[in-house]
Amino acid sequence: MTIDEQVKLLERGATIIPEGGIKDKLELVQKEKRQLRVKLGVDPSSSDLHIGHAVILRKMRQFQDLGHKVILIIGDFTAMIGDPTGKNKTRPALSLEETRKNGETYIAQASKILDSDPKKLEIRRNSEWLEPMGFAEVIKLSSNYTVARMLERDDFTKRYKSGIPISVHEFMYPLAQAYDSVAINADIELGGTDQLFNLLVGRDIQKEYGQIPQVTLTTPLLEGLDGIEKMSKSLNNYIAIAESAESMFKKAMQVNDDMLYRYIELSTNLDLVKMKELIRTDVKKAHRIYAAELVRIYHSESDIKNAEERYDYVAKGGIPDDIAEYKLDKNELEDGKIWVCKLYALSGLTQSNAEAKRMIKNRGLRLNGEKIEDTNLQLSLDKPLVLQRGKDKFVKVSL
RNA sequence: GGGUCGGUGCCCGAGUGGUUAAAGGGGACGGACUGUAAAUCCGUUGCGUAAGCUACGAUGGUUCAAAUCCAUCCCGGCCCA
């Protein structure tokens, strides 16, 4: 591949700062006969990677495939300090052990996408260099940036204007992240568009430390299944890359029609021109192709059929066979029977007896496929029972 | 440090002594309709099968009765220093 072709591939779906920066970097390393050092910082506070994260990981993979080195930085130190007080309220600060564990899960999941050849992948933790930094060092680092410039960051601006508190330590986040770039001497740093500010701080700080500033490459954030918020675990609007083929297929089918093109664009390599046309002419089919493609990427060709069949079966009101099981303790029985509402609560399908009762009144609970009418129903468990909530939440109960 | 305003359920927000498990909106969850979509419409949205209990930043107090009044404390915004 010529450099121009490489640039074209790498820049697809991404925003580069400064413009043309990728080409310059590629030419530079060609001259110096070395690999690019491509950085991605990850926050080990959540352990479930979703297809939104995958956008950037897939971009990383492209760099690897072109022979470059990807450096994954687990932000174990920054996560340990605890999340800023911002919108998400205070998140309990994680212990080093937790962040380490989350980091491991992250790596395990990311390796579904990344090439784990050590020549192409380096994994570091930022506690490595941030922890030993003394206060004097930190002051020196922070003296390179001004409050006014910090406040330029979009979420700081918004919060400041609307009177939402900003703690001083939150200013340290961009700086710490920027210092990571210095520590590993990054040529390029990748991130979601929400990371742009932090990535740019990296450029400034690298300059201050006498390095050539990194080029930043940002990819769009994938909106969640609700079509409004960004995809995230806490909003529960995500498709995890580790979830089962069945669940993945189902969620993919539920992506809003309006969002489908964007999902295809950002999370698959499907032919965009063809898919755009298909969405126009036959949306349902487009959904199926997308759903199948996702399963193909994260599971395998052979899993598609099962996932699709299950989907169709449940859509028709069928009870699938891969249901979670719950073993009821005999002590819960009275005269060999148990009250329906209690059973639903115990099985975890409802949060409380009261909720189960309400759901029955709303005709939302089924037993062996039949709607439950009577809130006072007493059940004996001679045979296993299939409890169901809504369309697709099942639990099989037995003694 | 001083002044001032504020802290209500998942979120926003009304409520300034009893009729308040707390208006309204959002979200979420069910149902109808559908393509297990969207839109729309309907219902539910603290726990307890009940008596009742718990809940309006925390603790203590006043009162027959407190989210509402008082005291102290904690947290935050704004203004002044």
Side-chain angles (χ1 to χ4, degrees), chain A residues 84-91 156 158-168 170 223-230 232-239 246-264 278-292 307-320 322-323 332-335 337-346 348-367 369-379 387-394:
Chain A
T85 40
K87 287 181 181 173
N88 310 331
K89 298 221 162 164
T90 17
R91 193 150 65 185
F156 285 152
K158 282 188 190 140
R159 282 161 63 188
Y160 191 65
K161 277 189 187 152
S162 53
I164 299 169
I166 302 170
S167 299
V168 173
E170 295 187 56
E223 289 80 357
L225 293 169
D226 53 28
I228 302 163
E229 302 286 349
K230 85 175 198 194
S232 83
K233 187 182 183 183
S234 53
L235 294 168
N236 196 26
N237 60 1
Y238 66 108
I239 301 178
E246 288 78 18
S247 163
M248 196 173 255
F249 192 94
K250 173 188 158 185
K251 287 187 181 175
M253 289 300 286
Q254 288 178 330
V255 169
N256 289 6
D257 289 1
D258 293 347
M259 300 294 304
L260 185 58
Y261 181 78
R262 190 164 169 82
Y263 269 68
I264 292 171
L278 188 60
I279 287 171
R280 204 175 57 75
T281 55
D282 188 350
V283 200
K284 283 186 260 178
K285 193 169 174 199
H287 267 104
R288 283 187 185 265
I289 290 177
Y290 171 63
E308 188 161 16
E309 277 172 5
R310 180 196 188 273
Y311 175 83
D312 288 328
Y313 184 56
V314 173
K316 277 186 297 185
I319 297 170
D322 60 333
I323 314 179
E332 300 288 354
L333 295 176
E334 276 177 51
D335 300 331
K337 300 202 167 190
I338 184 165
W339 179 39
V340 236
C341 295
K342 194 172 179 188
L343 186 60
Y344 272 87
L346 285 171
L349 277 180
T350 61
Q351 298 222 311
S352 63
N353 298 352
E355 193 192 8
K357 201 170 169 183
R358 279 185 238 117
M359 298 258 342
I360 289 175
K361 284 186 183 151
N362 275 336
R363 295 178 303 146
L365 295 186
R366 286 165 184 267
L367 182 67
E370 298 294 323
K371 274 185 185 161
I372 301 171
E373 306 288 345
D374 179 9
T375 55
N376 289 315
L377 195 61
Q378 298 290 326
L379 301 167
L387 312 187
Q388 181 179 354
R389 169 183 177 146
K391 285 168 194 146
D392 193 12
K393 287 188 197 108
F394 301 91

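Throughout, protein chains are lettered first and strands after them, A, B, ... in sequence-line order, and every chain is numbered starting at 1. Not measured: the values here are computed from a predicted model.
Here rA66(B) sits opposite no nucleotide as a Watson-Crick or G-U wobble pair (both hydrogen-bonding atom distances under 3.5 Å). Base-pair partner of rU44(B): rA28(B) (Watson-Crick or G-U wobble, both distances under 3.5 Å). Base pairing analysis places rA50(B) opposite nothing; no Watson-Crick or G-U wobble pair with both distances below 3.5 Å involves it. The pairing partner recorded for rG76(B) is rC5(B), the criterion being a Watson-Crick or G-U wobble arrangement whose two distances lie under 3.5 angstrom. The partner of rC33(B) cannot be assigned: no Watson-Crick or G-U wobble pair with both contacts below 3.5 Å exists in any strand. In this structure, rU59(B) forms a base pair with rA71(B), meeting either the Watson-Crick or the G-U wobble geometry with both donor-acceptor distances under 3.5 Å. rU16(B): no Watson-Crick or G-U partner with both key distances under 3.5 Å is found in any strand. With a cut-off of 3.5 Å on both Watson-Crick or G-U wobble distances, the partner of rA21(B) is given as none.
E223(A) and K230(A) are not joined by a salt bridge, as no carboxylate oxygen comes within less than 4.0 angstrom of a charged side-chain nitrogen. Under the 4.0 Å criterion applied to side-chain N and carboxylate O atoms, D282(A) and R288(A) are not assigned as salt-bridge partners. A salt bridge links E170(A) to R159(A): one of the charged nitrogens lies within less than 4.0 Å of a carboxylate oxygen. Ion pairing between a basic and an acidic side chain is recognised when a charged N comes within 4.0 Å of a carboxylate O; D257(A) and K284(A) show no such pairing.
Between the C1' atom of rU34(B) and the CE atom of M253(A) lies a distance of 13 Å, rounded to the nearest Å. Rounded to whole Å, the distance from CG on L260(A) to C1' on rA38(B) is 13 Å. A straight line from CD1 of I360(A) to P of rU44(B) spans 16 Å, rounded to a whole angstrom. Put simply, CD on E355(A) is 20 Å from P on rG9(B), counting in whole angstrom units. To the nearest angstrom, P of rG6(B) lies 19 Å from CD1 of I164(A). Between L365(A) atom CG and rG30(B) atom C1' the separation is 9 Å, expressed in whole Å. To the nearest angstrom, C1' of rU49(B) lies 14 Å from CG of L379(A). In this structure, R389(A) places its CZ atom 13 Å from P of rU45(B), rounding to the nearest Å.
Two residues, R366(A) and S352(A), neighbour RNA chain B, and the one matched to the more 5' nucleotide by heavy-atom proximity is R366(A). Between R288(A) and W339(A), the residue anchored nearer the 5' end of RNA chain B, judged by the nucleotide with its closest heavy atom, is R288(A).
D257(A) contributes a side-chain N or O that forms a donor-acceptor pair with the base of rG35(B) under 3.5 Å.
No engagement by K285(A) is indicated, since no non-hydrogen atom pair under 4.0 Å with the nucleic acid exists. Within 4.0 Å (heavy atoms only), A354(A) reaches sugar-phosphate atoms of the nucleic acid but no base atom. Using a 4.0 Å heavy-atom criterion, one finds that N236(A) contacts no nucleic acid atom at all. Residue Q378(A) is in base contact, counting any heavy-atom pair closer than 4.0 Å across all strands shown. Using a 4.0 Å heavy-atom cutoff across all strands shown, K393(A) reaches sugar-phosphate atoms only and no base atom.
Comparing the C1' positions of rG35(B) and rC53(B) gives a spacing of 46 Å, expressed to the nearest Å. When the P atom is used for both rG31(B) and rA66(B), the distance is 42 Å, rounded to whole Å. For the P atoms, the distance from rA58(B) to rU8(B) is 10 Å, rounded to whole Å. Only the P atoms considered, rA71(B) is 13 Å distant from rU4(B), to the nearest whole Å. When the C1' atom is compared between rG57(B) and rG77(B), the two are found 15 Å apart, to the nearest whole Å. The P atoms of rG27(B) and rA39(B) are separated by 9 Å, rounded to the nearest whole Å. Across rG25(B) and rG52(B), the matching P atoms stand 31 Å from one another, rounded to whole Å. Between the C1' atoms of rG7(B) and rA14(B), the separation comes to 15 Å (whole Å).
Within 6.0 Å of CG on D335(A) lie no more than 12 heavy atoms contributed by other residues, nucleotides or ligands.
For K391(A), taking side-chain heavy atoms from C-beta onward, the closest of the listed nucleotides rU34(B), rC29(B), rU49(B) is rU34(B). Set against rU44(B), rU36(B), rU49(B), the side chain of N353(A) has rU49(B) as its closest nucleotide. When distances run from any side-chain atom of R358(A) to the nucleotides rG76(B), rG35(B), rC47(B), the shortest one goes to rC47(B). You'll find that the side chain of P165(A) is closest to rG76(B), out of rU49(B), rG76(B), rC47(B). Each of rG43(B), rU36(B), rA50(B) was ranked by its minimum atom distance to the side chain of K357(A); first place goes to rA50(B).
Here the CZ atom belonging to R389(A) is positioned 10.5 Å from the OH atom belonging to Y344(A), to the nearest 0.5 angstrom.
Cation-pi geometry between K251(A) and Y238(A) is met: under 6.0 angstrom from the ring centre, within 45 degrees of the axis.
Of the candidates L365(A), T350(A), L387(A), L349(A), K393(A) forms a side-chain contact (heavy atoms from CB on, under 4.5 Å) with just one, namely L349(A).
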